[in-house]
Structure formats: structure tokens, C-alpha cells
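Comments concern the structure below.
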Amino acid sequence: MAGAWNLIGWGVLLCLCSLTSEAQNKQRTPVSQGRDCSHIKSVSPGASSGVYFIQPPGVRSPFQVYCEMRSDGGWTVFQKRSGGHLSFRRNWKEYKWGFGDLRGDHWLGLQRVWELTRGRRRRSVLRVDLWDFEGGAAFAEYADFKLGSEASAYRLSVSTYRGTAGDAIRGAYSGIDQAGAGFSTEDRDHDGCSPCIFGDVAVDSCSREEGGAGWWFSRCGSASLNGDWHPRGSHLGWASGLHWLTWRGPAPYSARATRMMVRTL
């Protein structure tokens, strides 16, 4: 009889352990707070800026992003630079899945941005914010922002520009339009340079020229915000830097801070 009670006791204990494990697993599963930051802001107009779990349509599991909540809507931040403590000299895999601290400097990841912008009916706006060392700021916005899948090297698509920083994606000079370009890193080159000739300089890899940065290089081009960060006094004339050449020039000017965000319409 005692043996039977022991078996019953063990059965009850196993059942309780199983229920506890299931409850813990449910607690660990993150809950989406919206499809994206734009959706969260539209549902909760008083929502403040911060880290949220989102789940765009077609994505299996929620993931965290930093939402910049502004008067014109909720923006999902996918790039932020404010100093030199986080290196953007990264390989393809790191640019694909992201790196850094969502509450500070970071790159969200190409795969996540593709998930945020994919779909024929999904329309998004890209916003680029730039800050200089003299207390000034500028912005560039592009309608119809979208990334292609990894098979296209996360090809960049944008249409109409508006802003105060100039249309550096289409270029400070002809033949370097980055709209339609695939993303390049040192270990995955899609920049179209074989080589590119700049005066008496031949460049085979725009990523290598920009200090190992990843970007949508098209024959290098005049926008590149993932190069080496340079402090005040060392921010002029460097080949590698945080460049938006239609904003500050003619010499390369490395910005003090940058931010890239996407908002769904």
C-alpha cells in the first residue's frame, strides 16, 4: 500500500513540475505590444519613447525595438550613433541580425528592417537625422522606403525626398545613386566597384575604404553613416566617417550623431 502511495505522490509531483514548467515558459514568451512603433503610437497616443516588443505581419515571434514617439507618429529606430564606443566594423551576419544596445547606439538588423517594410500594401517613410559639432541639425526623409530580401542583398528602395540635409542617397554627383543598391560589407561586396576610379585612386571595396562599414554603396556614393566615428577636431577630411555629403562639404564632414528610423503609413 505504501508503494502505491509513493507512486501516486511521484505522479502528483511530476504533474506539478510540468504545470510549473509550462507556466514559466508562458511567462518567458514575449507579448507583442503592436505591429510596429507606428501602430503602438496610433493605439496609445500618449505612449512615450522607449523599448517595446513588436510583431510585424508575417513574423513568427515578437522582437524588441526602440520606438521614438513624436508628434508625427511612432518611429522604429534602426540605427543610432552618438560616439565611438560601439564599433560598426562588422561582418554580414552582424549587420543582418543587429548589434549594440537598443537604448543607446545600435544597429537593429537588416532582417528586422526587411520584416518591417515588406509587403505590397505596406508603405513606409525613412527618416535620417544628423547632428553636427556646431550645434546644428538636419534631416532627410524618403517616401516609399523598403528593403528587399536577403536574396537581393537587402536592396534599398526609396522615392521622393524632402528635408534640410540634401538628397545624399541619390548623390552629390551623377552616377552614384544608392537607391536600388544592395547592402555591402567587407565579406559581402555588392558596391559595383571593380574598381571605382576617384582621380588617381582606384577603390575595389567601398566598405574597406569606409573602415569596414556596411552600407548600400553604389560606386561608393555620398551617403555613408556607418563608418568610424570621429571626435571634434578630427571630424574633417577623413575618408571613413559618418558622411552625408549633400549636408556638409565640400570636404568630408563626419557627423557628431546620426539616427535612422522608419514609420509605417
Measure from NZ or CZ of R170 to the centre of the six-membered ring of Y161 and say whether it is under 6.0 Å with the direction within 45° of the ring axis. no
May I ask you to say whether R103 pairs ionically with D101, meaning some side-chain N is under 4.0 Å from a carboxylate O? no
Is the backbone N or O of A47 less than 3.5 Å from a side-chain atom of S44, with the two atoms forming a donor-acceptor pair by type? no
Side-chain heavy-atom pair R256, H235 within 4.5 angstrom cut-off: no
Give a yes or no on this: more than 12 heavy atoms of other residues, nucleotides or ligands lie within 6.0 Å of atom CZ of R70. yes
Among R263, M260, M261, whose side chain to side chain contact (heavy atoms under 4.5 Å, CB included) with R127 holds? M261
Yes or no on side-chain contact (heavy atoms from CB on, under 4.5 Å) for S157 and F145, after CA distance, side-chain angles and deciding distance? CA-CA 6 Å; S157 295; F145 169 59; over 6 Å; no
Any donor-acceptor N/O pair, T164 side chain to A138 backbone, under 3.5 Å: no
If you measure from CH2 on W215 to CG on L156, what distance do you get to the nearest 0.5 Å? 8.5 Å
Would you call R259 and E68 a salt bridge, taking side-chain N to carboxylate O under 4.0 Å as the test? yes
Within the 4.5 Å heavy-atom criterion, are E115 and F63 side-chain neighbours or not? yes
Sulfur-sulfur distance C67/C37 under 2.5 Å: yes
Between R81 and F88 (side chain of the first, backbone of the second, donor and acceptor by atom type, cut-off under 3.5 Å), is there such a pair? no
Any heavy-atom pair between the side chains of S224 and F217 that's under 4.5 Å? yes
Value for CD1 (I40) from OG (S32), rounded to nearest 0.5 Å, stands at 7.0 Å
Is it true that a side-chain atom of H243 and a backbone atom of W238 form a donor plus acceptor pair closer than 3.5 Å? yes
For the backbone of A255 and the side chain of W131, can you confirm whether one donor and one acceptor N or O come within less than 3.5 Å of each other? no
Within the 6.0 Å centroid threshold, strictly below: Y66 and Y52: no
Please confirm whether the backbone N or O of D228 pairs with a side-chain atom of S240, one donor and one acceptor, at under 3.5 Å? yes
Residues D167 and T246: closest non-hydrogen pair is N-OG1, 3.6 Å
Short side-chain to backbone donor-acceptor contact, S234 and H230, under 3.5 Å: no
Under a 4.0 Å threshold between the charged nitrogen and the carboxylate oxygen, would D132 count as salt-bridged to R248? yes
Are D191 and S184 close enough that a side-chain donor and a side-chain acceptor fall under 3.5 Å? no
Parallel, tilted or perpendicular: ring planes of F78 versus W107, cut at 30 and 60 degrees: perpendicular
Under 2.5 Å between the SG atoms of C220 and C206: is that the case? yes
4.5 Å side-chain heavy-atom contact, F53 and P30: yes
For the student: nearest non-hydrogen atoms of S222 and A168, plus distance: OG-O, 2.9 Å
Given 3.5 Å as the limit, does a donor-acceptor pair link the side chain of S218 with the main chain of D177, or not? yes
OG on S42 to CG on D36, rounded to 0.5 Å: 8.0 Å
Measuring from D189:CG to W92:CH2, what's the distance to the nearest 0.5 Å? 10.5 Å
From CA spacing to verdict: side-chain contact (heavy atoms from CB on, under 4.5 Å), D144, T160: CA-CA 8 Å; D144 301 315; T160 310; 5.6 Å; no
Is any side-chain heavy atom of F139 closer than 4.5 Å to one of V128? no
Report yes if the side chains of L108 and L116 come closer than 4.5 Å at any heavy-atom pair, otherwise no. yes
Using the benzene-type ring in the case of Trp, are the ring centres of Y253 and W247 under 6.0 Å apart? yes
Got a donor-acceptor contact below 3.5 angstrom from the K146 side chain to the T117 backbone? yes
With under 30° as parallel and over 60° as perpendicular, where do the rings of Y95 and F183 fit, or are they tilted in between? tilted
Measure from the side-chain N and O atoms of E210 to the backbone N and O of S207, and report whether any donor-acceptor pair falls under 3.5 Å. no
With no hydrogens and no angle check, do the side chains of T258 and Q79 hold a donor and an acceptor under 3.5 Å apart? yes
Just verifying a value: how many Å separate R188 CZ and T185 OG1, rounded to the nearest 0.5 Å? 7.0 Å
Roughly how far, to the nearest 0.5 Å, is the CZ atom of R35 from the OG1 atom of T264? 8.5 Å
Shortest non-hydrogen contact between G74 and S38, atoms and distance: O-OG, 2.9 Å
Between D105 and H85, is any pair of side-chain heavy atoms under 4.5 Å apart? yes
Considering only heavy atoms from C-beta outward, does the side chain of V125 approach that of W75 to under 4.5 Å? yes
